[in-house]
Amino acid sequence: MKSIRTRFAPSPTGYLHIGGVRTALFCWLFARKHGGQFILRIDDTDQQRNVQEAIAPILHGLRWLGIDWDEGPDVGGVHAPYYQSQRFDKYQAAVDELLRRGFAYRDFARADEIQAERDTAINEKRTFTYSRRWMAETDADAKRFESEGRQCVIRLKMPRTGELVIDDLIRGKVTFDWAAEQDHIIQRADGSFIYHLANIVDDEDYKISHVIRAEEHLSNTPRQIFMIQSLGYDLPEYAHLPFVAEPGSKTKLSKRKLDKYLKNKDFAKMVEHGKSIAQKIGIETTDDGFNPVIIEFYEKVGYLPEAIVNYIALVGWALDDKTEFFLMQDLIEKFSLDGVTKGAASFDPQKLMAFEEKHFLTKTAEEKIKYCVPFLEAAKIFPNENSEILGSLIEAAGDRIKVAGDILGFADFFATDNAVEFDEVAYKKRITDPKDAVNLLSQFRELLDKEEKFDRHSLETLMQNFVNEKSIKINDIIHALRVAITGKSIGLGMFETLEILGKKRVLQRLTRICD
RNA sequence: GGCCCCGUCGUCUAGCGGUUAGGACACGGCCCUUUCAAGGCCGCGGCACGGGUUCGAUUCCCGUCGGGGUCACCA
């Protein structure tokens with residue numbers, strides 16, 4: 001049995017798209033599940049200046065998610081190089097072979113001449129088929145065309161009868177008429193190569209057994225199979241994944257349509273949440289990477305990579321009718337192409353956040369601290385003299401911290417006690433307006449001052465006794481107390497807050513109100 | 001427009017001829033409650049439509065409609 005080898009082949013675009021993540025993940029899972037190899041190849045046939053710079057975020061993103069590769073950039077491998085830009089000699093050899101075998105030809109048509117033929121076909125409502133009028137069958141032809149000042153591209157001499165049936169692992173049998181296919185260009189006038197040619201040459205060289213890729217490549221498959229067969233290569237298995245769609249739509253998710261997605265309430269909320277964290281740690285939110293379509297976004301804001309993996313695995317794949325929580329190991333064990341859905345699946349920010357919360361909740365206290373510390377440091381509020389409260393703060397916050405960056409919402413716990421900022425509305429409602437608030441706070445402060453045991457339970461008892469004695473309701477004082485201590489009307493449990501801050505700091509904060 | 005793919009609650013999905021069509025997220029309500037979350041309970045909500053095939057169709061076939069992908073000297 002042929003060994004399982006899959007590949008993910010990003011172009012050096014400078015970012016890792018969420019749809020790309022899903023494709024990479026499925027390829028990776030399939031390889032790992034079957035004890036095969038996962039290969040990373042860089043599709044940089046249209047040479048750019050800074051390929052290294054443009055692939056860095058992609059490699060980083062994959063690693064962050066826990067997706068590693070057995071062969072590819074950085075790690076090398078027996079089939080190196082893994083950059084298409086460094087493999088032109090192989091492509092040239094393949095083109096020459098195709099030419100030699102008569103499955104490709106030199107074409108001297110100008111772009112406008114091809115376009116004219118195409119327009120005519122459209123006007124006559126028939127499928128466009130190139131006349132091959134400028135096809136050079138002999139060197140003499142070529143010379144003649146050249147003497148007319150024409151340039152030459154290499155085209156595939158595609159079949160014009162019969163049909164092709166692809167047995168796709170996800171879609172089943174898909175039939176194409178050869179007659180509807182074009183004589184696609186495989187080598188440009190400047191000698192550079194087109195992706196499809198490079199793609200099949202590399203897949204053959206790397207011995208890729210399963211081509212698992214997004215659905216948009218399904219209609220490219222006939223021309224690739226034509227080349228594969230013409231060159232006598234082994235045909236890989238194909239599995240065309242549905243693409244990841246926009247929130248609330250079936251259109252392919254795209255990095256460029258951020259403005260459109262922002263009109264989606266849930267998506268906008270996700271971006272806002274991310275921005276509020278980014279601003280606290282001085283991350284630029286206007287650049288391309290700060291976009292939930294790009295994986296960088298999640299790392300910057302403090303999402304857990306395992307939550308992203310868990311969620312994205314479930315966009316277009318399911319194990320059964322109930323299991324939803326998966327760790328990477330579970331996915332490797334359970335993943336199967338049989339479970340892949342056919343229809344496009346929308347990206348749902350709310351569901352992602354639900355997974356994020358679940359995964360964060362399973363973390364130990366130490367792990368949570370480890371995730372949160374870098375954010376506190378980035379916000380320059382850590383370490384400071386109050387550092388020792390971090391553990392108890394995180395514990396008390398519970399699932400109020402869903403992504404690591406959420407810790408910054410509790411920055412006030414580390415603030416200098418007389419520098420806590422008050423929410424104006426809350427201050428007016430809970431402290432200025434109620435006629436007795438300041439008076440009650442002063443009285444309660446005296447009790448706190450005398451209190452020896454400053455733990456949440458003792459404090460609660462203290463409060464209960466206080467309200468009983470005063471014949472007031474706890475509501476009459478506790479909201480004022482919260483605003484006085486934290487500046488806000490919402491927050492952790494009141495007594496936990498007091499305990500975490502400690503007696504000295506609580507009294508100091510209260511002094512600002514009472515004196 | 002040609003070719004190809006897809007179509008189960010708002011969203012992600014289970015289902016692979018006989019189910020009260022199941023779960024999750026979201027949403028609504030109630031409970032709990034010092035706020036906000038969380039949690040518990042309950043609820044809302046779906047097989048696109050029309051023909052077949054069959055004793056019986058969400059499931060198989062055809063058509064319609066709808067959505068999407070692709071038609072580059074991009075990948």
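Per chain, numbering begins at 1; letters A, B, ... match sequence-line order.
Using a 4.0 Å cut-off, no side-chain N or O of A/S489 falls inside it from OP1 or OP2 of B/U35. The side chain of A/R223 contributes no N or O atom lying less than 4.0 Å from OP1 or OP2 of B/C71. Listed pair A/T251 / B/G68 meets the phosphate criterion, a side-chain N or O lying under 4.0 Å from OP1 or OP2. Regarding contacts with the backbone of B/U13, a side-chain N or O of A/T341 is found under 4.0 angstrom from either OP1 or OP2. Listed pair A/T127 / B/G2 fails the phosphate criterion, with no side-chain N or O lying under 4.0 Å from OP1 or OP2. For the OP1/OP2 pair of B/U33 and a distance below 4.0 Å, the side-chain nitrogens and oxygens of A/K473 include no atom meeting the criterion. Neither OP1 nor OP2 of B/G69 sits under 4.0 Å from any side-chain N or O of A/K252.
A/V153 comes within contact range of at least one nucleobase, with a heavy-atom separation under 4.0 Å. Contact annotation for A/G491: base contact, defined as any heavy-atom pair under 4.0 Å involving a base atom. Note on A/R118: only backbone sugar-phosphate atoms sit closer than 4.0 angstrom, heavy atoms only; bases stay farther off. No contact: A/G248 has no heavy atom under 4.0 Å from any strand. Within 4.0 Å of A/F495, counting heavy atoms only, lies at least one base atom of the nucleic acid. Note on A/S249: nothing from the nucleic acid sits closer than 4.0 angstrom, heavy atoms only. Residue-level contact check: A/Q182 touches neither bases nor backbone, having no heavy atom under 4.0 Å from any strand. Using a 4.0 Å heavy-atom criterion, one finds that A/L492 contacts the bases of the nucleic acid, with or without backbone contacts as well. Among the atoms of the strands shown, base atoms are found under 4.0 Å from some heavy atom of A/I185. Nucleic acid contact for A/E324: base, since at least one base atom lies under 4.0 Å from a heavy atom of the residue. Within 4.0 Å of A/N220, counting heavy atoms only, lies at least one base atom of the nucleic acid.
A cation-pi arrangement, defined by a distance under 6.0 Å to the six-membered ring centre and an angle within 45 degrees of its axis, is present between A/K255 and A/Y15. Cation-pi geometry between A/R430 and A/Y427 is not met: the NZ or CZ atom fails to fall both under 6.0 Å from the ring centre and inside 45° of the normal. Under the 6.0 Å distance and 45° angle rule, A/K358 counts as a cation-pi partner of A/F355.
In the interface, the side chain of A/R171 is not paired with the base of B/C5 through any donor and acceptor atom under 3.5 Å apart. No hydrogens or angles were tested; on distance alone, a donor-acceptor pair under 3.5 Å links the side chain of A/K351 to the base of B/A24. Checked by distance alone, A/H196 brings a side-chain donor or acceptor within 3.5 Å of a matching partner on the base of B/A75.
Among B/G68, B/U34, B/C6, the nucleotide with an atom closest to any side-chain atom of A/I478 is B/U34. Closest to the side chain of A/F243, from the set B/C73, B/U11, B/G69, is B/G69. Among the nucleotides B/U13, B/U34, B/A75, the one closest to any side-chain atom of A/H217 is B/A75. Nearest nucleotide to the side chain of A/Y195, out of B/C73, B/A37, B/A75: B/A75. When distances run from any side-chain atom of A/H479 to the nucleotides B/G22, B/U34, B/U11, the shortest one goes to B/U34. Looking at the side chain of A/S219, the nearest of the listed nucleotides B/G69, B/U13, B/C5 is B/G69.
Salt-bridge check for A/E246 with A/K260: passed, with a basic side-chain N closer than 4.0 Å to an acidic carboxylate O. Salt bridge status for A/D203 with A/R41: present, with a side-chain N to carboxylate O gap under 4.0 Å.
Both A/K358 and A/A180 lie near RNA chain B, and the one whose nearest nucleotide falls closer to the 5' end is A/A180. The 5' end of RNA chain B is approached more closely, in terms of each residue's nearest nucleotide, by A/R430 than by the other of A/R430 and A/D399.
Just one of A/R132, A/R155, A/K157 meets the side chain to side chain donor-acceptor pair (under 3.5 Å) condition when paired with A/D183; it is A/R132.
Across all strands shown, B/G2 is found opposite B/U70 as a Watson-Crick or G-U wobble partner, with both distances under 3.5 Å. With both pairing distances under 3.5 Å, B/A14 is matched to nothing as a Watson-Crick or G-U wobble pair. Pair check for B/C47 finds none; no Watson-Crick or G-U wobble contact set falls under 3.5 Å. Across all strands shown, the partner of B/C65 is B/G7, judged by Watson-Crick or G-U wobble contacts whose two distances both fall under 3.5 Å.
Between the side chain of A/E113 and the main chain of A/R110, a donor-acceptor pair closer than 3.5 Å is present.
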